[in-house]
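In this text the structure is predicted, and so the values were computed from the model without any measurement.
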Amino acid sequence: LWARRTMAHLVAHEYGHHIQHLAGISDASATRTAYANGADGPLLESRRIELQASCLSGAYLGADRSFFPVSGSWRQRWLWTISHRGDEWGTQRDHGSAKNHSRWTRRSFDAGSPAACNTFTASAASLA
């Protein structure tokens with residue numbers, strides 16, 4: 001169960017990056033990073049792209065409930081997993097805190113739609 005929920009989260013997150021690539025979001029973000037000022041600008045841009053990928057992972061899992069039912073103990077353990085994925089334990093703040101990672105992922109899971117994933121108009125505080 002642990003491996004299945006972790007793999008589901010990681011595969012869905014990386015699929016989110018694939019969607020970003022196909023939609024041109026990755027290239028646009030790279031351009032924004034190139035023009036960012038100071039050390040904090042590129043880190044904020046990285047958090048925008050990483051939290052959006054996690055958000056897209058939640059949208060996928062929420063939209064595909066008939067094939068991949070997220071319920072019961074699996075759901076509880078998945079919620080634990082996403083609430084413990086953050087960058088506050090590392091040396092760089094480039095992926096977002098566990099609190100915001102969980103918030104963005106749950107938001108899109110509940111909506112079942114990528115429309116909930118616009119991290120590029122979100123406040124910096126919601127991306128810390």
Side-chain angles (χ1 to χ4, degrees):
L1 187 59
W2 177 87
R4 189 169 172 231
R5 72 172 153 78
T6 300
M7 287 185 342
H9 168 70
L10 292 175
V11 169
H13 175 88
E14 294 308 320
Y15 182 71
H17 283 306
H18 178 65
I19 296 301
Q20 290 170 323
H21 173 73
L22 292 176
I25 295 168
S26 299
D27 289 341
S29 179
T31 300
R32 288 169 48 110
T33 299
Y35 288 100
N37 293 324
D40 291 337
L43 289 174
L44 176 61
E45 191 65 21
S46 178
R47 289 191 303 271
R48 287 187 191 282
I49 206 85
E50 291 298 334
L51 288 169
Q52 185 180 58
S54 289
C55 187
L56 292 168
S57 78
Y60 164 72
L61 292 173
D64 199 17
R65 292 177 203 203
S66 62
F67 177 75
F68 199 89
V70 177
S71 60
S73 64
W74 196 97
R75 178 183 167 88
Q76 291 306 312
R77 291 176 185 197
W78 175 73
L79 290 171
W80 184 92
T81 297
I82 64 171
S83 69
H84 287 81
R85 298 274 187 215
D87 62 10
E88 55 266 61
W89 303 286
T91 58
Q92 265 189 305
R93 297 300 316 275
D94 59 352
H95 278 67
S97 68
K99 176 183 174 185
N100 282 325
H101 176 78
S102 178
R103 187 174 64 80
W104 281 100
T105 306
R106 284 182 296 111
R107 173 183 175 165
S108 62
F109 176 82
D110 292 341
S113 170
C117 298
N118 192 350
T119 58
F120 292 91
T121 59
S123 70
S126 71
L127 304 166

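A ring-ring contact (aromatic ring centres under 6.0 Å, His included) check over residues 29-50, counting only residues at least two apart or in different chains, returns nothing. Among pairs with a residue in residues 32-105, those fulfilling disulfide (SG to SG under 2.5 Å) read C55-C117, at least two apart in sequence or across chains. Screening residues 33-45 for salt bridge (charged side-chain N to carboxylate O under 4.0 Å, His left out), with sequence neighbours left out, gives R32-E45. Screening residues 19-28 for side chain to side chain donor-acceptor pair (under 3.5 Å), with sequence neighbours left out, gives H17-Q20, Q20-Q52. Judged as a ring-ring contact (aromatic ring centres under 6.0 Å, His included), not a single pair has a partner in residues 40-65 (not counting sequence neighbours). Within the structure, no pair that satisfies the salt bridge (charged side-chain N to carboxylate O under 4.0 Å, His left out) test touches residues 104-128, not counting sequence neighbours.
In this structure the side chain of T6 never reaches within 4.5 angstrom of the side chain of W78, judged on heavy atoms. At a threshold of 4.5 Å between non-hydrogen side-chain atoms, the residues T105 and S57 count as touching.
Qualifying side chain to side chain donor-acceptor pair (under 3.5 Å) partners for T119, counting only residues two or more places apart in sequence or in other chains: none. For R5, there are no salt bridge (charged side-chain N to carboxylate O under 4.0 Å, His left out) partners, not counting sequence neighbours. Listed by chain and number, the residues in a ring pair (Phe, Tyr, Trp, His ring centres under 6.0 Å) with H84 are W80 (sequence neighbours excluded). With sequence neighbours left out, A98 forms a side chain to side chain contact (heavy atoms under 4.5 Å, CB included) with E88, W89. In this structure S73 satisfies the side chain to side chain contact (heavy atoms under 4.5 Å, CB included) test together with L1, sequence neighbours excluded.
Counting non-hydrogen atoms of other residues, nucleotides and ligands closer than 6.0 Å to CZ of F120 gives a total above 12.
Between A36 and G41, the closest heavy-atom pair is CB-C, 3.7 Å. Across all their heavy atoms, T33 and P42 have their closest contact at CG2-CB, 3.9 Å.
For H95 and H13, the gap between ring centers reaches or exceeds 6.0 Å.
With hydrogens and angles disregarded, no donor-acceptor distance shorter than 3.5 Å links the side chain of R4 to the backbone of W74. Side chain of T81 to backbone of R77: a donor-acceptor contact under 3.5 angstrom is found. In this structure, the side chain of D94 does not engage the main chain of L43 through any donor-acceptor pair within 3.5 Å.
Hydrophobic cluster membership of W104, counting Ile, Leu, Val, Met, Phe, Trp and Tyr whose side-chain heavy atoms lie under 4.5 Å apart directly or via other members: L44, L51, L127.
Side chains of H101 and S54: a donor on one and an acceptor on the other come within 3.5 Å.
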